[in-house]
Number of protein chains: 2
Amino acid sequence: MSLEYAVLGFLNYQPFSGYDLKKMFDSSVQHFWVADLSQIYRTLGKLSEKGWASVEVVEQSERPDRKLYRITPQGQAALREWLAGPFPTAAPHSGPLVQVFFSGQMPDAVVQAKFAAAADLFRGMLERYQQVPQQVQPYVHQVDSPRETYFWMKTLELGMLTMQAQLLWAEQVLRDLEQGAVPPLDPPQEGEA
Amino acid sequence: MSLEYAVLGFLNYQPFSGYDLKKMFDSSVQHFWVADLSQIYRTLGKLSEKGWASVEVVEQSERPDRKLYRITPQGQAALREWLAGPFPTAAPHSGPLVQVFFSGQMPDAVVQAKFAAAADLFRGMLERYQQVPQQVQPYVHQVDSPRETYFWMKTLELGMLTMQAQLLWAEQVLRDLEQGAVPPLDPPQEGEA
DNA sequence: GTTTATTATATGCATATGCACGTATATGCA
DNA sequence: TGCATATACGTGCATATGCATATAATAAAC
């Protein structure tokens, strides 16, 4: 449901085609919302069905036609209503933490490899997050509102804070493993002895 | 997909009925995986279809019959394989952050109310997390493995760290709002003037 | 006395998402 | 020549999830 309003939020800045929206998503909110292109197209379809957006076909020679979507007054009203409403709290579902929860069933070597990979992954994510300001730069100029920029940066800040926390947490497990601070597997393995 | 392995992970400790699994989920992994009862039943069905779990109907007088699910050797193999495999990285989708991202379109009063509510929500979550150790206590005794307990507690620790970070972050926005550190809305409103 | 909660299992339906694939044109690279 | 990539729009299918609802018995609360 939030994708609908994310798209609406972007359309409230300026008209977009689905293809351009995908770029906008990838360069601005990738740290908290990864949007599939097909999902964006489906959402745009729903928005125009509801009358929350209007479509204009822009013909291009040498390139496929573009469909420019523009937010309607009804769309703006719906967006405002949603933004003023309660937080869309979703139940958490973390696959990685499921693995961590049951990691005690694996030997140290496997756990070590897993957390080393996780730490690398977190470091990579952090680096990508650090590039977000440059990536949104053109949009910051286009929208040209310090207030918007403040909240955009706030979402990035939270992403970096939590990613940093996850990295530190994984590194702590790695240290515990090195120092023998993780209780050992009771039955060393099964089979040979 | 991870739910399947979460259920399998619990079955690897001891046989469970769907109803009891729901209680296990709610008292141990609620901070990173909230499971719907119907979803648990469906997953158990799939597990026994695959031969990863066997079913035993336990008849009870005065209560509905229970279906006790037991992990099979194939199930144990599948679990081990998954646990040793890569992290199941899922694309992030945060509805709340979508709202924050577009909050600049709302006046200060609305934003203030939203972040105050968010901070309250985060505080409530933190309190619930703090009760998890007591809630898992019986299971800690049953499973009786310091190694398992270590990783169980690690997931809780990460949950508390990130929740704490979110709370601090929301309180910072609230302070910015109070101190006028958030850039103002350009067109005060629309309509009257 | 009636409603609600607890124990216990399940189906049905709407919606969201991911991934594969299909269509079409033009450019650049090997 | 062939293949990948960028532009641009989608459909189809499998799966996951949430919520409502059905069934059925007992016990407690109002």
Side-chain angles (χ1 to χ4, degrees), chain A residues 1-8 15-27 29-30 32-50 53 55-69 82 88-96 98, chain B residues 1-8 11 15-27 29-30 32-50 53-69 82 88-96 98:
Chain A
M1 274 287 78
S2 298
L3 174 59
E4 210 168 287
Y5 293 99
V7 168
L8 217 46
F16 275 100
S17 71
Y19 196 80
D20 288 341
L21 264 176
K22 170 62 174 166
K23 287 186 200 161
M24 178 62 156
F25 269 85
D26 287 348
S27 57
V29 298
Q30 144 244 50
F32 66 85
W33 199 287
V34 173
D36 189 75
L37 233 196
S38 72
Q39 200 59 22
I40 289 176
Y41 285 125
R42 271 191 272 250
T43 302
L44 286 170
K46 266 191 280 182
L47 289 182
S48 63
E49 267 179 48
K50 284 196 204 180
V55 201
E56 183 195 347
V57 177
V58 180
E59 284 174 48
Q60 300 183 121
S61 54
E62 312 193 353
R63 285 280 159 233
D65 294 353
R66 299 173 73 234
K67 284 191 176 180
L68 249 200
Y69 289 84
W82 183 78
T89 51
H93 292 109
S94 168
V98 171
Chain B
M1 274 287 78
S2 299
L3 175 58
E4 211 168 286
Y5 293 98
V7 167
L8 217 46
L11 291 187
F16 275 100
S17 70
Y19 196 81
D20 287 341
L21 265 176
K22 170 62 174 166
K23 287 187 200 161
M24 179 60 155
F25 269 85
D26 288 348
S27 58
V29 298
Q30 144 244 51
F32 66 85
W33 199 287
V34 172
D36 189 75
L37 233 195
S38 73
Q39 200 59 22
I40 289 175
Y41 284 123
R42 271 191 272 248
T43 302
L44 285 170
K46 266 190 279 181
L47 288 182
S48 62
E49 267 179 49
K50 284 197 205 181
S54 63
V55 202
E56 182 196 345
V57 176
V58 180
E59 285 175 46
Q60 300 183 119
S61 55
E62 310 191 356
R63 286 280 159 232
D65 295 352
R66 299 172 75 232
K67 283 191 176 180
L68 248 199
Y69 290 85
W82 184 77
T89 51
H93 292 109
S94 167
V98 172

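So you know, we letter chains A, B, ... as the sequences are listed, proteins then strands, and number each from 1.
- Under the 4.5 Å side-chain criterion, counting only non-hydrogen atoms from C-beta, B:Ser54 is not in contact with B:Ser48.
- The distance between atom CD of A:Glu59 and atom P of C:dA24, rounded to the nearest whole Å, is 17 Å.
- What separates OH of A:Tyr69 from P of D:dA8 is a distance of 14 Å, to the nearest Å.
- Below 30°, between 30° and 60°, or above 60°: for B:Trp82 and B:Tyr5 the angle between ring planes is below 30°, a parallel geometry.
- Considering only heavy atoms from C-beta on, B:Lys23 comes within 4.5 Å of B:Asp20 through its side chain.
- Between B:Trp33 and A:Gly95 the shortest heavy-atom distance is CZ3-N, 3.9 Å.
- Not one side-chain nitrogen or oxygen of B:Lys22 sits closer than 4.0 Å to the OP1 or OP2 atom of C:dA8.
- Between B:Ser17 and A:Met1, the residue anchored closer to the 5' end of DNA chain C is B:Ser17, taking for each the nucleotide with the nearest heavy atom.
- Checking D:dA8, C:dT7, D:dG10 against every side-chain atom of B:Tyr19, the shortest atom distance belongs to C:dT7.
- Under the Watson-Crick or G-U wobble criterion, with both distances below 3.5 Å, C:dG22 is paired with D:dC9.
- When the P atom of C:dA8 is taken as reference, atom CG of B:Leu68 falls 10 Å away, rounded to whole Å.
- The nearest heavy atom of DNA chain C to B:Ala91 and to B:Gln60 marks one nucleotide each, and the one closer to the 5' end goes with B:Gln60.
- Of the listed nucleotides (D:dT17, C:dT17, D:dT7), C:dT17 has the atom at the smallest distance from the side chain of A:Leu3.
- Residues B:Leu21 and B:Val7 are in side-chain contact: their nearest non-hydrogen atoms beyond the backbone lie under 4.5 Å apart.
- Summarising the geometry, the separation between OH on B:Tyr5 and P on D:dT15 is reported as 13 Å, rounded to the nearest angstrom.
- Taken residue by residue, residues 36-45 of chain A places heavy atoms nearer than 4.0 Å to DNA chain D at A:Ser38, A:Tyr41, A:Arg42.
- Shown here, C:dA30 forms a base pair with D:dT1; the pair counts as Watson-Crick or G-U wobble because both key distances fall under 3.5 Å.
- The NZ atom of B:Lys67 sits 16 Å away from the C1' atom of C:dT7 (whole-angstrom rounding).
- Between B:Phe25 and B:Ala6 the shortest heavy-atom distance is CZ-CB, 3.8 Å.
- Between B:Arg66 atom CZ and D:dT26 atom C1' the separation is 17 Å, expressed in whole Å.
- Closest to the side chain of B:Lys23, from the set C:dA16, C:dT7, D:dC9, is C:dT7.
- Picking from C:dA10, C:dA16, C:dA8 the nucleotide with the shortest atom distance to the side chain of A:Lys46 gives C:dA16.
- Residues A:Leu3 and A:Gln39 share a closest heavy-atom pair of CD2-CG, 3.4 Å.
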